[in-house]
Amino acid sequence: MSPERQCVQDQCEVSSAGNCLEGFLPAAACPYRRGERSAADPQSKQPLFIDLPSGLALSPIEANNIARDVHARVILLAGDHESGKTTLLTSIYESFQEASFAGFSFAGSQTLLGWEERCHDGRLSSGRSVPHTEHTKVGDGLKFLHLKLSEMRTSNVSDLLLADVSGELFRRLRDSAAAIDSFQALRRVDVLCAVMDGERIVKAEERFVARNNVRALLRSLKDANVLQGRCHTSVVVSKWDAIVASPDVEEISGFVQESFALYEREFPGVTFSSVAARPRAKLSFAHGVATLLRNWCQDSPSSPSPVDVRSLFTGLRHFERFGTVGV
Amino acid sequence: MKMATPSSIALLGLKGSGKTTYLAALWHLLEAQELKTRLKVRSLQLDREYLNAIRSAWLAFEPVPRTSVKIDVRVDLLLEGESSHDLVDLSFPDMSGESYRLQWSLRRAKPEYANLAPSIGGVLLFIHPEVVGRAQRIAGETQIVSMSPGAVGVQVPSAKEWKADTAPTQVQLVDVLQSLVFLRRRSEPMRVAVMISAWDPKSTLSKLAPMYWLESQMPMLHQYLCSNSKMLPTSVFGISAQGGSYDSDRNILKKQRVASDRIQMRSLEGQDLGHDLTIPLDFVLGQDVAPLLDLEASEPAE
């Protein structure tokens, strides 16, 4: 059995031969040594290293500390399993890697490693030939990603805390008042984004379930009265490229129109968007996400009432110009 | 003549970004006094072994030795302003690029660096255009796959596990700056001179203004610096400390009669700044010798 690797550097032989690649003696003093965070020098008792913030996604307590200090906006995405929530979030971060986005400039993040980890499977460095997003596991607990953005027009700075709820937790919140009651983060949410999976809407046998799942979540939250008064609720249809590419566009258009009308009647003030965060064809990367992000950063976003979905299907050029409902 | 103002300037940058080459050329410029410079050395550092070793490599057209993560190299110089005669007691911790990689991937900072951070008044941030890692998205069909036990779906062949080292260079550099701000724990602004290395006169790079290179090649870092311009006032310099490639330009470089003439510099907007490597130092020390980077001023070059 080979000795467990003691060093994160692949070429170091400290595990097998005891020789530190960097020449540290004792080898325990080497910063590349696994584990032993904040170890101390045995003679001086001084710490060998100083710990930096992890850079990973934040726990609710860590997120709360930021929210309290800088008045951050808390955005929660909830939707069925594999509805595209995490991909939507990573498309925002990836867009800032290329340029200013949605009228904002990237001003920093306390969760850069968290973002990078989630983007990995959509990049060539993953070794994949097809982009992939690992789904959010309920066992990981609720985790927040952080973005600090500077509005280009005003130079005002906004801190966003973004979280996507696992499909399993989404189901629990939809089905159980007790689950809602114990989910403390809901009380601090500024934007609740219910995600409806465009790929499910395209399938006749799944679209009604998809619609009702979102409606049931919104109804559960409304009944429990847990969302703060200023919390804005939106419904986002993800994977819009699947709808654009469907041969049953007329039928789907009518279904989506009816869905929005149902939501508007039952939940006045709800806004609507459609996005294709990582589309297959015809649409550009992060299609519709810029408008969604702008809405998240507004105190009172709105979309015209009643919402007319027909404009989204009158032709691709028109569609590309008006990629989201209500803009 | 004013008393010396102690100040530390951090040389930041990942492995191979040109920090030590700059230091070698700077030391020669200051010590040999072949050319007029904005800052000059008032007295020599007591222990000059490291500086002289890297300077010798630079003079011999040899790549300067890599700074090991084990060695805590610190350079202390007493400099005097050429015109003002103000004294600055300048300290450079020459952290290895590996140390910054350590910070990024393992979230550990060396105590020496953490202890020095509160005294850091400015930063030279080095980037080598040929050593820039970029994020490349996979084009094509999206495949969302459940990885939970018992899930039914398309099985994806095993791919490479995520490692922090694969993060784009611009992301790691944003983190280097954020970590320094965190360790520094001061509210006073800290000037940043972005030093784009290997800005050789004959390369295609030199046809572009440094600020446009930064905006187009490192857009997230560019946004970060512009968005935080009050805390991190920034200028950008194109630097050729070597004067060219040792592989292809060695014979031309050898013909220079004055070694300091090898050095080439461009301002943020692409203006020729001559050979004076102390200009970026003067900038981070607070002198208005260089224009500031700002979002409104930067537009894509034609």
Side-chain angles (χ1 to χ4, degrees), chain A residues 8 22-24 30-32 37-38 46-55 81-82 84 87 94 96-100 105-110 112-113 115-117 119-135 137 148-150 152 155 157 239 277-280 285, chain B residues 68-70 98-99 102-111 113-115 133-148 151 153 156-164 166-168 170-172 174-175 177-179 182-183 215 219-224 226-228 295-296:
Chain A
V8 298
E22 298 296 332
F24 279 88
C30 178
Y32 290 106
R37 291 184 69 82
S38 303
Q46 295 301 312
L48 290 170
F49 315 109
I50 305 298
D51 287 338
L52 294 170
S54 76
H81 186 57
E82 297 175 1
T87 307
E94 292 278 45
F96 280 113
Q97 293 250 8
E98 296 176 3
S100 302
S105 279
F106 174 81
S109 171
Q110 295 197 29
L112 287 173
L113 283 157
W115 284 113
E116 286 295 314
E117 189 176 22
C119 290
H120 172 68
D121 282 338
R123 294 179 181 167
L124 291 175
S125 55
S126 68
R128 295 176 179 274
S129 55
V130 175
H132 162 75
T133 300
E134 191 158 325
H135 85 276
K137 301 183 190 68
K148 177 180 275 192
L149 304 179
S150 172
M152 293 172 73
S155 298
V157 172
K239 305 178 199 173
R278 201 161 57 197
R280 290 177 182 81
F285 181 81
Chain B
S68 164
V69 70
K70 186 185 173 197
E98 285 295 302
S99 295
L102 185 82
Q103 279 186 196
W104 165 250
S105 57
L106 297 181
R107 315 309 295 162
R108 294 174 176 176
K110 294 173 81 174
Y113 181 63
N115 293 336
R134 293 183 172 81
Q136 291 178 283
R137 290 200 305 270
I138 302 168
E141 189 162 327
T142 298
Q143 187 176 31
I144 310 293
V145 175
S146 168
M147 299 297 286
S148 57
V156 178
S158 58
K160 295 177 193 170
E161 190 184 314
W162 175 71
K163 287 185 181 175
T166 61
Q170 62 177 350
V171 174
Q172 296 191 44
V174 167
D175 183 70
L177 289 168
Q178 289 188 151
S179 295
F182 170 79
L183 292 169
E215 185 181 9
M220 181 176 260
L221 176 62
H222 179 264
Q223 292 169 59
Y224 174 76
C226 291
S227 298
N228 292 283
L295 264 176
E296 289 179 8

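Computed from a predicted model, the values in this text were never measured in an experiment. Just so we're on the same page: letters track the sequence lines, and every chain starts at 1. Computed over heavy atoms, backbone and side chain alike; hydrogens, waters and symmetry mates excluded.
Contact annotation for B:L221: neither backbone nor side-chain heavy atoms come within less than 4.5 Å of a heavy atom of chain A. Residue B:D175 touches chain A through both its backbone and its side chain, counting heavy-atom pairs closer than 4.5 Å. Using a 4.5 Å cut-off between heavy atoms, B:F182 contacts chain A through its side chain alone, with no backbone atom that close.
With respect to chain A, the highest number of heavy-atom pairs below 4.5 Å among B:S179, B:G133, B:A135 belongs to B:A135. Considering only heavy-atom pairs separated by less than 4.5 Å from chain B, the leading option among A:A277, A:A107, A:G108, A:S155 is A:A107. Note on B:Q136, B:Q170, B:E161: by heavy-atom pairs under 4.5 Å with chain A, the leading option is B:Q136. Of the listed residues (B:A114, B:A167, B:P168), the greatest number of heavy-atom pairs within a distance under 4.5 Å of chain A belongs to B:P168.
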Check step by step if side chain to side chain contact (heavy atoms under 4.5 Å, CB included) holds for A:I50 and B:Y113. CA-CA 9 Å; A:I50 305 298; B:Y113 181 63; over 6 Å; no

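Within the 4.5 Å cutoff, side-chain heavy atoms of B:W162 are placed close to those of A:L113. Taking 4.5 Å as the limit, every side-chain heavy atom of B:T166 sits out of range of all side-chain heavy atoms of A:R123. The shortest distance between side-chain heavy atoms of A:D121 and B:I138 does not fall below 4.5 Å. For the pair B:V174 and A:F106, the minimum side-chain heavy-atom distance is below 4.5 Å.
Distance CZ/A:F49 to CG/B:L102: 7.0 Å, rounded to 0.5 Å. Rounding to the nearest 0.5 angstrom, the gap separating the CZ atom in B:R134 from the CG atom in A:L124 is 13.5 Å. Once rounded to the nearest 0.5 Å, the distance linking OG of A:S125 with CZ of B:R137 reads 12.5 Å. Interatomic distance, A:S100 OG to B:M220 CE, rounded to the nearest 0.5 Å: 10.5 Å.
Across B:R107 and A:S54, no two heavy atoms sit closer than the pair NE-O, 3.3 Å. Among all heavy-atom pairs drawn from A:S105 and B:S227, the shortest one is CB-OG, 3.3 Å.
Here the side chain of B:Q178 pairs a donor or acceptor atom with the backbone of A:S109 at under 3.5 angstrom.
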